[in-house]
Participant: 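I'd like to ask some things about the structure below.
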Amino acid sequence: MQNKIIKKVIKKDKIKNWINELMKNYKVIAPVKEGDEDVFFRIIKSADDVCMDFQNTVLSPKEFFFPKSEKIFEFEGDEISDSGSKIGRKRILFGARPCDVHGLTILDNVYKGEFNDPYYLQRRENTTIISLACSEPDENCFCKSLGTGPVLCDADIIITDLGDRYFIEAKTDDVNLVNFDIIKEAAPGDVELKDIKQKESEDKITRAIELNKNLDDLHLEAESRKCLGCGCCTYICPTCTCFDVSDESMISKQKGKRFRCWDSCMFPSFALLAGGENTREEKSDRFKQRFYHKFKYYPEKYGKVMCVGCGRCTRKCPVNTDVVKIINYNKLDCNY
Amino acid sequence: MSDIEKNLRAEAKKLLEEKKVDYVIGYEESNGKVSPCFIDNAKDVEKLVFNPGCVHNLSVYLLEADAENKVGIVAKGCDSRAIIELIKQNQVIRDNVFILGISCDGVKDLLGKDYDKCKNCKYPVPLIYDVLLGEKKEGKEEDYSDVEEIESMSLEERKKFWNKQFEKCIKCHACRNICPLCYCEECALDDKNWVSKSHKFPEIWMSHLIRALHTAGRCVSCGECERACPVNIPLRKLYRKIGKDVKELFDYEAGVNAEDVPPLVAFDLDKDKEKIKQN
């Protein structure tokens with residue numbers, strides 16, 4: 001990285017003031033608590049809504065770059081109106097965990113380069129990311145084995161909890177975002193403490209996924225037996241990119257709209273072709289596809305696996321399908 | 001090891017050895033988490049567990065069994081209701097299942113918290129079984145206070161409440177796929193002519209309300225939809241409201257009595273018209 005890193009600190013009780021300053025010029029997306037314990041990313045109306053104390057959000061911030069559904073255009077008769085998604089105010093994604101920031105870089109590979117996806121890219125380019133490092137990763141996290149960790153990521157700014165204050169690392173490009181009276185220069189002791197905290201949270205991550213496994217050796221067929229075939233794992237995944245394009249139209253008025261929405265390889269309709277042929281008719285075929293895409297096809301194309309170790313799929317699967325256990329399966333200890 | 005677990009393994013072993021079933025659907029545990037498992041071979045019965053982590057309603061897997069398969073299945077009180085209803089709806093042949101009924105003390109989530117369904121469990125002992133493991137016990141009184149709380153809201157408040165919940169929905173269909181009584185081979189929710197794939201209002205309401213009404217008279221209140229929901233929409237409240245209405249209108253409780261005729265079958269427009277009006 002060419003960028004020099006600016007190191008600062010902010011007292012915890014001043015975080016809201018900082019967010020308020022940011023809200024003057026940006027639309028801020030931040031973690032908000034809903035219900036007893038669930039935290040979701042929301043476009044905030046007040047800095048008071050921001051929750052800084054959470055393990056990870058229920059859903060990754062993916063939907064703010066690749067929405068669940070979005071209008072592409074509208075049509076009436078022969079007329080087609082322009083794209084539904086407009087570039088709005090500049091945005092800040094505040095408080096994304098490092099694994100989820102890593103998730104966006106995995107989406108970038110798909111949506112940028114060979115084919116440029118304007119809807120995704122305009123949101124991505126319009127958004128500055130302030131990541132909140134993890135201090136309490138849980139037993140399902142395995143980010144460290146995938147090249148990032150509870151602190152390390154490709155965010156524009158990373159903040160780390162030091163107890164009564166946060167340590168701020170910002171790229172020089174983003175100096176205006178940390179240039180406020182409430183944010184002070186970091187002392188050498190702060191840098192030292194940050195390194196200690198980083199090491200502490202890294203040590204809390206005990207799970208690791210094995211890379212470069214031959215997937216043909218795994219027991220995917222047996223593991224798929226209990227799979228319910230819902231799309232939970234794919235939709236909560238920060239790296240799943242698949243979508244479908246669909247029309248909503250009123251034939252009588254000759255008008256309607258075209259939109260795209262998330263789609264999941266776990267659904268039977270995903271590989272259904274015109275004429276009724278289905279290339280992945282069986283549940284086990286679809287189950288295997290998810291693993292092969294993430295751990296074979298994507299790496300072959302982009303050089304790294306399509307997983308960030310956030311642990312959401314393992315945490316949320318209604319029948320406790322465990323991605324690490326499945327990938328790490330060793331045919332020599334034959335536990336099946 | 002609990003007595004229930006010990007007896008469960010012995011029963012499963014016997015079933016498989018005597019070839020009374022092709023496989024047994026039960027629970028296994030790994031890394032402190034319980035998940036459904038399929039035991040095809042008597043030598044594997046040691047994998048079977050029964051403990052407070054065994055929340056899953058395994059009867060959903062009966063829908064995948066071939067017509068010629070004989071299947072052993074572990075069922076708690078709430079799960080057994082789904083089996084009764086599946087038999088009644090001609091989805092499962094009674095003689096093809098061997099039910100290893102378990103008298104249940106309630107199940108808990110990973111944090112050790114009781115599931116809501118257990119707090120007011122009416123039927124801890126299976127209502128149908130071939131062998132019962134554990135002692136018979138009394139269930140609790142019906143308690144619809146969770147539903148009444150929502151019923152007492154104004155229309156606007158209710159709309160706001162559910163809007164906030166449905167906005168979270170990602171349409172992963174975990175609620176549908178985990179539901180043993182959602183056995184349709186073709187689902188209206190997958191047909192964009194019925195429901196658009198959009199996540200926006202009002203489509204998102206349509207998805208949930210179609211399913212809620214469609215499971216009326218079938219939902220056995222096992223709460224699996226709510227547990228499976230990754231974004232924690234309190235779906236059980238919605239389905240229990242439907243269950244409560246069905247009970248009040250038709251005096252029918254799904255999956256309780258094998259002899260009761262489902263309301264959609266028994267409904268007589270002329271006879272029941274007045275009753276519906278009054279409600």
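So that the names make sense, note that chain A is the first sequence line, chain B the second, and so on, each numbered from 1.
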Participant: Indicate the atoms forming the closest heavy-atom contact of A:K68 with B:I170, along with that distance.
Facilitator: CD-CG2, 3.8 Å

Participant: Around B:E151, counting heavy atoms of other residues, nucleotides and ligands shown, do more than 12 lie under 6.0 Å from its CD?
Facilitator: yes

Participant: Where on B:K168 is there a heavy atom nearer than 4.5 Å to chain A: the side chain, the backbone, both, or neither?
Facilitator: both

Participant: Where do B:A174 and A:C230 come nearest, in terms of heavy atoms and distance?
Facilitator: CA-CB, 3.4 Å

Participant: In terms of heavy-atom proximity below 4.5 Å to chain B, should A:L59 be classed as side chain, backbone, both, or neither?
Facilitator: side chain

Participant: Evaluate the side-chain proximity of B:N31 to A:R207: yes if any heavy-atom separation is below 4.5 Å, no if none is.
Facilitator: yes

Participant: For side chain to side chain contact (heavy atoms under 4.5 Å, CB included), just list the numbers for A:K316 and B:N232, CA-CA rounded to whole Å, side-chain angles, deciding distance to a tenth of an Å, and then say yes or no.
Facilitator: CA-CA 10 Å; A:K316 288 287 186 180; B:N232 296 337; 4.1 Å; yes

Participant: Check whether more than 12 heavy atoms from other residues, nucleotides or ligands sit under 6.0 Å from atom NZ of A:K288, and answer yes or no.
Facilitator: yes

Participant: Considering only heavy atoms, which portion of A:E34 lies under 4.5 Å from any heavy atom of chain B: side chain, backbone, both, or neither?
Facilitator: side chain

Participant: Give me the atom names and distance for the closest heavy-atom approach of B:K33 to A:R315.
Facilitator: NZ-CA, 4.3 Å

Participant: Is A:F259 close to B:S198 at the side-chain level, that is, under 4.5 Å between some pair of heavy atoms?
Facilitator: yes

Participant: Among B:I25, B:D190, B:D40, who wins on heavy-atom pairs under 4.5 Å with chain A?
Facilitator: B:D40

Participant: Please round to the nearest 0.5 Å and tell me the distance separating atom CG of A:N320 and atom CG of B:L110.
Facilitator: 6.5 Å

Participant: In terms of heavy-atom contacts, does NZ of A:K213 have more than 12 from other residues, nucleotides or ligands at under 6.0 Å?
Facilitator: yes

Participant: Could you tell me which non-hydrogen atom of B:H199 sits nearest to which non-hydrogen atom of A:W262, and how far apart they are?
Facilitator: CE1-N, 4.5 Å

Participant: Given a strict heavy-atom distance threshold of 4.5 Å, which part of A:S249 is in contact with chain B: side chain, backbone, both, or neither?
Facilitator: neither

Participant: Using a cut-off of 6.0 Å, state whether more than 12 heavy atoms not belonging to B:E17 lie near its atom CD.
Facilitator: yes

Participant: Residues of residues 58-79 of chain B under 4.5 Å from chain A (heavy atom pairs)?
Facilitator: B:V60, B:Y61, B:E64

Participant: What's the shortest heavy-atom distance between B:K197 and A:C261, and which atoms?
Facilitator: CB-SG, 3.6 Å

Participant: Contact part of B:D191 toward chain A, heavy-atom cut-off under 4.5 Å: side chain, backbone, both or neither?
Facilitator: neither

Participant: Measure the CG-CD distance between A:L228 and B:E224 for me, rounded to the nearest 0.5 Å.
Facilitator: 8.5 Å

Participant: Can you tell me which portion of A:D36 sits under 4.5 Å from chain B's heavy atoms? Options are side chain, backbone, both or neither.
Facilitator: neither

Participant: Roughly how far apart are B:C169 SG and A:Y235 OH, rounded to 0.5 Å?
Facilitator: 10.0 Å

Participant: Counting only non-hydrogen atoms closer than 4.5 Å, does A:V319 touch chain B with its backbone (N, CA, C, O), its side chain (CB onward), both, or neither?
Facilitator: both

Participant: Tell me, do A:F40 and B:E167 make a side-chain contact under 4.5 Å, heavy atoms counted?
Facilitator: no

Participant: Between B:E203 and A:E248, is any pair of side-chain heavy atoms under 4.5 Å apart?
Facilitator: yes

Participant: Looking only at heavy atoms, which two atoms of A:K226 and B:S35 are closest? And how far apart?
Facilitator: NZ-OG, 3.1 Å

Participant: Out of B:P234, B:C37, B:P36, return the one with the most heavy atom pairs under 4.5 angstrom to chain A.
Facilitator: B:P36

Participant: Considering heavy atoms only, which positions within residues 178-187 of chain B lie below 4.5 Å of chain A?
Facilitator: B:I178

Participant: Between A:R225 and B:Y23, does the side chain to side chain contact (heavy atoms under 4.5 Å, CB included) criterion hold? Intermediate values first, please.
Facilitator: CA-CA 13 Å; A:R225 201 163 164 191; B:Y23 58 93; 3.7 Å; yes

